[in-house]
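Everything on this sheet refers to the single structure shown next.
Along the sequence shown, the residues carry numbers beginning at 1. Order of listing sets the numbers, starting from 1, for every ligand and every atom in it.
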Amino acid sequence: MNANSLQTPIVYLKGVGPNRAQTLQSELGIHTFQDLLNLFPNRYIDKTRYYKIGQLQRSNADVQIIGKVVHIKTVEQKKGKRLVASFVDETGEMELVWFRGQKWIRENLKLNTPYVIFGKCNWFNGKFSMPHPEMELLKDHEQGLKVLMQPVYPSTEKLNNKGITNRVISKLVQQIFIETKGKFTETLSEKLMFELKLIPKSEALFNIHFPKNQELLAKAQFRLKFEELFYIQLQLIAKNMLHKQKIKGFNFDQVGVLFNDFYKNHLPFELTGAQKRVIKEIRADLGSNAQMNRLLQGDVGSGKTIVAVMTMLLAIDNGFQACLMAPTEILANQHYTGIVELLEGTGINCALLTGSVKQAHRRPIHEKLESGELNIIIGTHALLEDKVKFKNLGLAIVDEQHRFGVAQRSKLWHKNQIPPHILIMTATPIPRTLAMSLYGDLDVSIIDELPPGRKPIKTVHRYDSNRLKVFQFIRDEIKKGRQIYIVYPLIQESEALDYKDLMDGYESIARDFPLPDYQISIVHGQMKPADKDYEMERFVKGETQIMVATTVIEVGVNVPNASVMIIESAERFGLSQLHQLRGRVGRGADQSFCILMTGHKLSTEAKTRLQTMAHTNDGFEIAEVDLKLRGPGDIMGTQQSGVLNLKIADIVKDNDILKTARYHAIQLLKDDPGLEKPENMAIRHTYAQLAKYKNIWNYIS
Ligand SMILES: Nc1ncnc2c1ncn2[C@@H]1O[C@H](COP(=O)(O)OP(=O)(O)OP(=O)(O)O)[C@@H](O)[C@H]1O
């Protein structure tokens with residue numbers, strides 16, 4: 001059958017009809033033959049085993065039994081009737097129960113005739129019972145096609161009452177195989193299939209639905225998972241390559257006076273090896289004639305700012321302007337202050353533009369940007385306003401990009417006729433596997449080394465009942481001249497949950513750490529920006545010793561003298577958030593501490609999170625655990641991306657297949673960028689359909 005006939009509406013498949021078609025469409029998104037063919041089972045039940053009633057265990061598992069119905073009766077109950085049959089074999093008796101479809105069962109069920117029944121067994125009222133069993137007469141069962149491993153299709157359980165049982169789906173899929181003779185267009189090249197020992201497409205589809213044995217099932221799964229990941233990677237990599245060919249970038253071929261002068265005379269420290277490597281990678285991009293699109297990943301405190309500054313210097317040396325966009329006012333301010341300090345004495349003009357900059361001050365900034373007098377602008381999304389025009393923006397740096405929407409970013413890209421070079425910085429380590437899928441179309445640089453002299457942060461978990469000791473520890477640290485963060489998950493008391501409210505916390509801390517010995521700052525999301533800044537400022541200057549805050553403090557805030565981070569109700573935070581918060585300390589030379597406070601009741605997952613934090617400071621390791629705990633759907637940025645809409649592969653478990661797929665996609669495009677070679681025809685054909693559909697499975701069978 002060719003691709004077109006697989007596009008036939010599902011209503012035309014024998015056994016479907018308008019009602020079923022409607023349910024299939026609305027509940028499972030199945031519109032065509034192809035959609036059904038690509039509805040892959042999510043597990044398989046071993047049908048080679050027959051149980052005896054006397055052997056059943058109370059484990060509520062799927063079982064298959066041969067026996068007879070000896071008696072059937074209707075039982076009245078409060079919520080309606082149920083039909084109950086006594087089912088026996090030579091070892092015992094159990095009940096079969098129906099809540100729906102009772103009339104049909106009464107009329108069709110044969111008493112004292114051997115049946116094979118299949119279903120989930122419950123222990124109920126001192127007996128085993130099986131609600132709504134699948135039943136087949138033993139003689140039919142023996143004659144029919146033996147299903148050794150029965151596929152279980154996703155979401156069919158909830159559709160049972162609409163007549164779409166697992167069995168129905170299986171029969172319909174079987175019907176597609178009958179009508180198409182099981183022959184489907186091959187979508188991978190022979191070379192790939194040979195190199196990776198992949199089974200042909202038709203065989204894979206057959207065995208995913210009707211596995212003949214475990215080995216063939218594994219082969220079918222491998223082939224289809226590979227195919228899914230391969231085409232996603234191919235798309236991403238091709239996009240990146242095409243981008244480089246098509247989108248001409250400004251050529252920054254001058255490593256000029258400013259960069260060199262800064263390197264020799266202004267750099268406050270020796271760059272780490274990782275920083276040097278990353279700057280080299282960036283320089284290669286900037287001089288390549290193509291627009292840079294680079295993601296800079298670096299764990300908290302790894303020193304991304306200096307890389308950003310040196311990249312900006314390259315832009316200015318080549319006669320261009322640069323901008324840096326941060327997600328919050330606090331961060332924009334902090335970047336601005338830090339960068340102005342670094343650039344002191346270089347003669348570079350730098351300005352700050354955020355929502356709270358008054359109109360009167362904005363105009364001169366706008367004018368200087370347009371005239372080119374300003375070399376660097378740092379700000380929040382205020383930079384995206386139409387009024388903000390550049391003379392020649394050559395470089396746009398975006399910090400923590402997942403906080404910006406795609407549309408917002410593209411606005412920045414279009415501030416020039418020729419798009420500026422783009423550097424995206426993130427302190428959220430993304431597991432490599434995920435980065436490959438999410439940012440496969442970007443080049444990625446990683447700062448995987450911390451500046452020297454950093455002492456690993458000591459992290460401990462303490463119960464609320466130990467609070468007095470923790471407070472004593474805080475007093476001791478403050479005596480040594482250190483500063484403390486105390487972070488709360490909420491800013492207002494939640495009705496349902498008894499988590500500590502920030503204000504309550506603040507008051508109790510103020511009681512334990514009274515004036516005039518202790519000064520406390522407070523920062524939360526509902527404060528006016530000016531008040532927030534004022535409070536932050538006091539903490540940064542060392543005027544206050546304790547900062548009570550919500551997670552607004554999470555990203556980027558840099559106060560090297562702060563060495564203790566207390567996280568209240570720590571069980572409420574996700575791992576990556578805990579890691580980000582912890583990253584606010586350990587930025588100076590002193591030993592830093594992170595104390596995770598919780599109550600005694602903790603879920604297993606919360607315990608794992610706390611243990612992981614206590615065990616490691618490595619952001620990438622933490623990200624991997626986070627991915628395993630939560631799955632990719634919850635990791636920042638993945639929801640919008642859509643690339644994780646995987647049908648068969650699992651981004652965590654199939655890491656190795658992903659790597660293989662990526663490697664082969666790169667090799668293929670290197671060897672045959674236009675997919676023009678005859679041996680790649682199947683891939684070219686499949687790939688050509690990519691643009692048309694959102695979900696790759698719409699075209700790859
Ligand atoms: N090579 C280096 N040697 C010594 N100190 C460094 C080096 N690079 C950066 N630092 C210092 O380390 C601290 C953290 O750097 P920076 O603020 O750039 O980190 P970051 O990667 O932006 O982290 P975050 O995302 O958490 O803000 C700063 O105080 C900075 O001055």
> Of the listed options (G301, P268, A274), which comes nearest to atom 23 (O) of ligand 1 when hydrogens are ignored and any heavy atom counts?
Replying inline: G301

>> Show me which atoms of ligand 1 lie under 4.0 Å from any heavy atom of R587.
In response: 14 (C), 17 (O), 19 (O), 23 (O), 24 (P), 26 (O), 27 (O)

>> Tell me if the aromatic rings of F320 and F390 count as close, with their centers under 6.0 Å from one another.
In response: no

>> side chain to side chain donor-acceptor pair (under 3.5 Å), that's the test. Do T305 and H335 meet it? Break it down for me.
In response: CA-CA 8 Å; T305 315; H335 274 308; 4.5 Å; no

> Distance only, no hydrogens: is a donor on one side chain within 3.5 Å (strictly under) of an acceptor on the other, for E621 and H615?
Replying inline: yes

> Does the side chain of T544 come under 3.5 Å of the side chain of R538 through a donor N or O and an acceptor N or O?
Replying inline: no

> Considering only heavy atoms, does I447 approach ligand 1 within less than 4.0 Å through its side chain, its backbone, both, or neither?
Replying inline: neither

> Closer than 4.0 angstrom: is that true for some heavy atom of M425 and an atom of ligand 1?
Replying inline: no

> Would one find an N or O of G583, backbone or side chain, under 3.5 Å from an N or O of ligand 1?
Replying inline: no

> So, is the end of the R283 side chain (NZ or CZ) under 6.0 Å from the ring centre of F252 and within 45° of the ring's axis?
Replying inline: no

> How about K368 and N349: do any of their side-chain heavy atoms sit closer than 4.5 Å?
Replying inline: no

>> For F513 and F471, take the angle between the two ring planes, folded into 0 to 90°, and tell me which bin it lands in: parallel under 30, tilted 30 to 60, perpendicular over 60.
In response: perpendicular

> Counting each atom of ligand 1 from 1 as listed, which ones have a heavy atom of R584 under 4.0 Å away?
Replying inline: 26 (O)

> Quick one: which ligand 1 atoms are inside 4.0 Å of a heavy atom on L271?
Replying inline: 1 (N)

> Is the shortest distance from a heavy atom of G298 to ligand 1 less than 4.0 Å?
Replying inline: no

> Is S302 in contact with ligand 1, taking contact as a heavy-atom separation below 4.0 Å?
Replying inline: yes

>> Counting only heavy atoms, tell me which of E270, R454, Q580 gets closest to atom 11 (C) of ligand 1.
In response: R454

> So, are K479 and D517 salt-bridged, with charged N and O less than 4.0 Å apart?
Replying inline: no

> Any idea which atoms of ligand 1 are less than 4.0 Å away from a heavy-atom of T272?
Replying inline: 1 (N)

